[in-house]
Amino acid sequence: MAWARDSLPPAIYTFLALNTIAVGLRVYVRTCISKSFGYDDYAMVVAFGGFVTLCSLTLVSLANGYGDPETRPGYNISEAVRFFVASTISYVIVLYVAKLSVALVLLRIAVTSKGVRTLLICSIVGLTIWTTVTTFIVAFQCVPLSVAWGEGTGTCLPAAVLANTGYSISAMDIASSFLYAGLPAYLLKGVQLSVRVKASIIILLGLGVASSVVTIIRLKYLVDVGNLHSPTGIEAANAYLTTFVYSITEVGLTLFTGSLAALRPLLKLVPFGQTTGKDYGTYGASTKQSKVREEMGNGMKLQDFNDAESQDFIVPKGRVQKTVQYEVKYSDV
């Protein structure tokens, strides 16, 4: 499984670059354009900071020789395992904060849907409990924890327990990913949207599903972790690194998708998918005109009206005829 050690750095650098741009644009949109920086944005910024920390810990671990079957000058295996354990704990926490940010975005959207809001709040509570339990399991996989990187003596949890913890992480992650990917489609059911908005929603839903697919693929390699004879050693390191390739990809996609969801104000800069007409200007809404609109005659812009003439356009053209009469009187001065 040497490919995992070689594949991690490119995946890390790719998602660091993508999410630096995506999160940066999200902060810009929410602070400078819509001026609506909220709790979901704070959560996303914290999650991005945690992702940077997660990637840094993983890279330091690899630089110290974690998972490398050869011993080279400059390697410090004890430090490598120490940093990898820290990155594993960071992964569980960062994934939770990223999911929390997505849930808070949906709470912001589902203002009038009480049932959806209740479902989201329950999912947040479930994720919080799940994250607390799994963090403690990973943090205390060995007692003392230093035994995990070969310092001192103590006891460690069997590899099967760590694998079962990984299964629970994947199960909760898959369930929340499909839930958060499907809710936007439900909330926007029946809403008329422009082509560009529909395209953006399809892309977001696709990325959300892709994140879930990555998690499902990782399950295959968690089976290998469960079959390990020991939770330490080069064989265990290779198995952990293999699952970590998908873990980094999963968190990276979650952050990227959650950030893109807040960039809708930038869609006005996209040149396609707009309805343009001589009388109506440019809109991002439906390209279809209703029968009622057609019966109302030529379209008018709001700025074309003045207070004195606005009543002329209240009723459809041709339905009511307005007659104005003038009376002129002369008087001697």
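Since the structure is predicted, the reported quantities are computational estimates derived from the model, not experimental observations.
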| Can you name the closest pair of heavy atoms from Ser168 and Thr134 and give their distance? | OG-CG2, 3.9 Å

| message | When you group the ILVMFWY residues by side-chain heavy-atom contacts below 4.5 Å and let the links chain together, are Tyr39 and Leu107 in the same group? | response | yes

| task | Write down the atom of Val23, the atom of Ser259, and the distance for their closest heavy-atom approach. | result | CG2-OG, 3.3 Å

| request: With sequence neighbours left out, write down each residue that passes side-chain contact (heavy atoms from CB on, under 4.5 Å) with Val214, or none if nothing qualifies. | output: Tyr246, Thr249, Glu250, Leu253

| query | Just how far is it from atom CG of Asn19 to atom CZ of Arg26, taken to the nearest 0.5 Å? | reply | 11.5 Å

| Which residues pass the side chain to side chain donor-acceptor pair (under 3.5 Å) test with Ser36, sequence neighbours left out? | Ser34

| Under a single-linkage definition using a 4.5 Å side-chain heavy-atom cutoff for Ile, Leu, Val, Met, Phe, Trp and Tyr, are Val81 and Val60 assigned to the same hydrophobic cluster? | no

| task | Sorted by first residue and then second, give each side chain to side chain donor-acceptor pair (under 3.5 Å) pair with at least one member in residues 122-131; sequence neighbours left out. | result | Tyr96-Thr128, Ser123-Tyr180

| Verdict with supporting geometry, Leu8 and Ile248, side chain to side chain contact (heavy atoms under 4.5 Å, CB included) | CA-CA 8 Å; Leu8 259 177; Ile248 293 290; 3.8 Å; yes

| What is the minimum heavy-atom distance between Ala80 and Ser61, and which atoms define it? | O-OG, 2.8 Å

| request: Apply side-chain contact (heavy atoms from CB on, under 4.5 Å) to Asn76 and list each qualifying residue two or more places apart in sequence or on a separate chain. | output: Asn64, Ser78, Glu79

| Qualifying ring pair (Phe, Tyr, Trp, His ring centres under 6.0 Å) pairs, either residue in residues 6-30, two or more places apart | none

| Arg5 side chain vs Leu62 backbone, donor-acceptor pair below 3.5 Å | yes

| message | With clusters defined by side-chain heavy atoms of hydrophobic residues (ILVMFWY) lying less than 4.5 Å apart, directly or transitively, does Val46 cluster with Leu16? | response | yes

| Taking only residues two or more places apart in sequence, or in another chain, which ones meet Tyr42 in a side chain to side chain donor-acceptor pair (under 3.5 Å)? | none

| request: Hey, could you give me the CG/NZ distance between Leu119 and Lys114, rounded to the nearest 0.5 Å? | output: 14.0 Å

| task | Enumerate the residue pairs fulfilling salt bridge (charged side-chain N to carboxylate O under 4.0 Å, His left out) with a member in residues 129-138, sequence neighbours excluded, ordered by first and then second residue. | result | none

Please list, one pair per line, the donor and acceptor atoms closer than 3.5 Å that link side chains of residues 50-58 to other protein atoms, with sequence neighbours excluded.
unit_1, atom_1, unit_2, atom_2, d
Thr53, OG1, Gly49, O, 3.0
Ser56, OG, Val52, O, 2.8
Thr58, OG1, Leu54, O, 2.9

| So which heavy atom on Val245 is nearest to which on Ser7, and how close? | CG2-CB, 4.5 Å

| note | Hits for side-chain contact (heavy atoms from CB on, under 4.5 Å) against Thr14, two or more places apart or cross-chain, chain-then-number order -> Leu18

| Where do Gly65 and Ile77 come nearest, in terms of heavy atoms and distance? | O-CD1, 3.8 Å

| note | Sequence neighbours excluded, the answer for ring pair (Phe, Tyr, Trp, His ring centres under 6.0 Å) partners of Phe84 is Tyr66, Phe244

| What closest approach, in Å, do Ser247 and Arg218 show between heavy atoms, and which atom pair accounts for it? | OG-NH1, 2.9 Å

| Spacing of Leu255 atom CG and Lys99 atom NZ [to the nearest 0.5 Å] | 10.0 Å

| message | For Phe83, give me all partners under ring pair (Phe, Tyr, Trp, His ring centres under 6.0 Å), at least two apart in sequence or on another chain. | response | none

| said: Show, in sequence, the C-alpha distance, side-chain angles and deciding distance for Val27 and Val45, and conclude whether the side chain to side chain contact (heavy atoms under 4.5 Å, CB included) test is met. | reply: CA-CA 8 Å; Val27 172; Val45 171; 3.9 Å; yes

| At what distance, to the nearest 0.5 angstrom, does CD1 of Ile129 lie from CD1 of Ile124? | 12.5 Å

| remark: dist Ser87:OG -> Leu59:CG (nearest 0.5 Å) comes out at 10.0 Å

| Under 4.5 Å between side-chain heavy atoms, hopping through other hydrophobics if needed: is there a path connecting Val97 to Phe136? | no

| task | Decide whether Ile217 and Met172 are clustered together by the hydrophobic rule: side chain heavy atoms of Ile, Leu, Val, Met, Phe, Trp, Tyr closer than 4.5 Å, transitively. | result | yes

| message | Give me each pair satisfying salt bridge (charged side-chain N to carboxylate O under 4.0 Å, His left out) with a member in residues 101-111, each pair once, sequence neighbours excluded. | response | Asp40-Arg108, Asp41-Arg108

| Stepwise, does the side chain to side chain contact (heavy atoms under 4.5 Å, CB included) test hold for Val116 with Leu106? | CA-CA 9 Å; Val116 173; Leu106 293 172; over 6 Å; no

| query | Does the pair Gln141 and Val85 meet the rule for a side chain to side chain contact (heavy atoms under 4.5 Å, CB included), with working shown? | reply | CA-CA 10 Å; Gln141 57 184 286; Val85 171; 4.0 Å; yes

| query | Between the side chain of Thr243 and the main-chain N/O of Tyr240, is any donor-acceptor distance below 3.5 Å? | reply | yes

| Measuring from Leu179:CG to Ile174:CD1, what's the distance to the nearest 0.5 Å? | 13.5 Å

